[in-house]
Amino acid sequence: MFANFARFDMFRLPLQMAGHRITALIAVACAVLGGAALITGTGVLVESGLRSQRREAVAVARAPEPST
């Protein structure tokens, strides 16, 4: 009876530690993926904004001079 209890006690702590470690690894992976998605979205918005700014600047530069 006591031998089985001692065996269970020996495995309980490592299993709990492994469970916490796996949970922490999942949390870190989600944080990294979320950060990557945020950076990617910001990069896309910045690039499209710069592209539209450049397009406006080119349109202004190519505009004909008003004749007086």
Side-chain angles (χ1 to χ4, degrees):
M1 174 79 178
F2 290 113
N4 288 337
F5 182 73
R7 224 180 261 157
F8 174 73
D9 227 16
M10 272 192 345
F11 287 114
R12 187 179 58 168
L13 183 61
L15 288 176
Q16 284 179 344
M17 290 174 64
H20 289 299
R21 182 166 289 186
I22 289 170
T23 305
L25 286 174
I26 291 171
V28 168
C30 288
V32 167
L33 291 176
L38 185 65
I39 291 171
T40 301
T42 304
V44 168
L45 289 174
V46 167
E47 184 182 352
S48 64
L50 290 175
R51 195 175 297 153
S52 69
Q53 290 284 341
R54 200 188 94 182
R55 204 174 295 139
E56 289 174 10
V58 169
V60 169
R62 290 184 182 169
E65 292 286 327
S67 57
T68 56

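It should be emphasised that the depicted structure is a prediction, and the values quoted were computed from it without experimental measurement.
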Quiz prompt | Atom pair OG1/CG of Thr40 and Leu45 - distance to nearest 0.5 Å | solution =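 One finds 11.0 Å between OG1 of Thr40 and CG of Leu45.
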
Practice problem: Calculate, to the nearest 0.5 Å, the distance between atoms OG1 and CD belonging to Thr42 and Glu47 respectively. | Solution: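 Answer for the OG1-CD pair, Thr42 versus Glu47, is 12.5 Å.
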
Exercise. Each residue besides Val44 in its hydrophobic cluster should be listed here, by chain and number; the cluster joins Ile, Leu, Val, Met, Phe, Trp and Tyr at side-chain heavy-atom distances under 4.5 Å.
Key: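 Result for Val44 is none, singleton.
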
Exercise. Sequence neighbours left out, what passes side-chain hydrogen bond (donor to acceptor under 3.5 Å, both in side chains) with Gln16? Give chain and number order.
Key: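 Gln16 satisfies side-chain hydrogen bond (donor to acceptor under 3.5 Å, both in side chains) with no residue once adjacent residues are dropped.
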
Exercise. Using side chain to side chain contact (heavy atoms under 4.5 Å, CB included) as the criterion, list what pairs up with Ile39, not counting sequence neighbours.
Key: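 Expected list: none.
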
